[in-house]
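One structure is given below, encoded as structure tokens.
Note that this is a predicted model, so its numbers are computed, not measured. Note that ligands are numbered from 1 as they come in the structure, with each ligand's atoms numbered from 1 the same way.
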Amino acid sequence: MALAPLVEPSAPLSAREIERYARHVLIPDVGMDGQRRLKNARVLVVGAGGLGSPALMYLAAAGVGTIGVVDDDVVELSNLQRQVVHGVGDVGRLKSESAAERLASVNPLVRVVRHDVRIDSANALQIIAGYDVVLDGTDNFPTRYLLNDACVLLGKPDVWGSIYRFDGQTSIWWARHGPCYRCLFPEPPPPGLVPSCAEGGVLGVLCAAIGSIQAAEVVKLIVGIGDPLVGRLMVHDALRQSWDVLTVHKNPGCAVCGVSPTVTELADYQDFCGVTPPGGAGKSGGSLLAVTGGGVPVISAHELADLLSGDTAPSRVVLVDVRGPEERAIVNIPGAQAIHLDEFRSGAAVSQIPFDQPVVIHCRSGIRSAEASRILIEAGHPDVRNLEGGVLAWVRDVDPTQPSY
Ligand SMILES: [Zn+2]
């Protein structure tokens, strides 16, 4: 499906610009006209992480005139295995700041606009309205649905990518010409069911494969060349080194782009995806009996440390780690007993846990352990608490000598 160019050409290029972009100008399909369209283009990259890193650098090198970077995270050591826009000296800095500096060194002719915010339903329409196309480099379902819905409402293309371990997927969701993300995935998976890259890992170089395809699709849309991935889902398996393309169709019953949409404005996507926002309803506030939004009592890392080291019968507390062996190999809380979340789901865990002792359950960040806690509570255990913030909170607040991930 050939589409008209997304962007009008800019004023004529300078001699220096023509020299810089000569290898583009030489391609008949791009030419001077296409390069001027790139200069006039405004691309919003959401997430300066694994996918955003290659995408940002290639879009800057390509001469996209305005690049918006949305990210409110800071660079962490564990990001550097794949987030190549950042370097060692950037650890602890805002990702948007680090990325903007790197892009300026790649191509000072590009205007980089930093959005040091978490994009949400309150600001998304306003931010996205200032751009021609969105590149989704996020790693979570709430933001993915948010960007999809915002792009549908604004009539803009959403160039999407997703990665996990050795698998990558990419497509362009553009309701005006094809399906949107919700047409394929009307409902998010239950929280904790689909592991994130932070929990399950990702091959670093896979980000380059998928992020650069997203950048290529953005360039094609701007210039108006080739067959964009609208209505096609590209599926990549880096182990088989296979690339498959599936045809995907618009769903007339889609809640946001169908014939009678029920989603006509942005909603609360954390709520839609069943995710408790960090620092939100789950705050323990120092009380051992504070309750999360999901009705599970929580305990903070400090409180757990006191419990384990203090004189309040430490041997009586049963500490359970529901993560997998690869995660436990990175960092552990001393004394934790490994019972995988799958064993809670199958019912096998219940018989392994004494019901006459208090139980604290943890995972990486507190989401999977909340599910395990709920299962144990529903099985009738009288004293179950979920470690708020998981082992990450333990590393941050109790034992910073341990690695985080
Ligand atoms: Zn749709």
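Formation of a donor-acceptor pair under 3.5 Å by the S373 side chain with backbone atoms of V296 is not found in this model. H381 places a side-chain N or O within donor-acceptor distance of the main-chain N or O of Q357, the cut-off being under 3.5 Å.
Within a 6.0 Å sphere centred on CD of Q241, other residues, nucleotides and ligands contribute more than 12 heavy atoms.
The side-chain contact (heavy atoms from CB on, under 4.5 Å) test with I213 is passed by exactly one of T170, V159, L51: T170.
Within the model, atoms CG of L341 and CD1 of I339 stand 11.5 Å from one another, a figure rounded to the nearest 0.5 Å.
The pair D120-R118 fails the salt-bridge criterion, with no side-chain N (NZ, NE, NH1 or NH2) lying under 4.0 Å from an Asp/Glu carboxylate O.
For the Zn ion (ligand 1), the count of nearby protein N/O/S atoms, taking only those under 2.8 Å, is 4.
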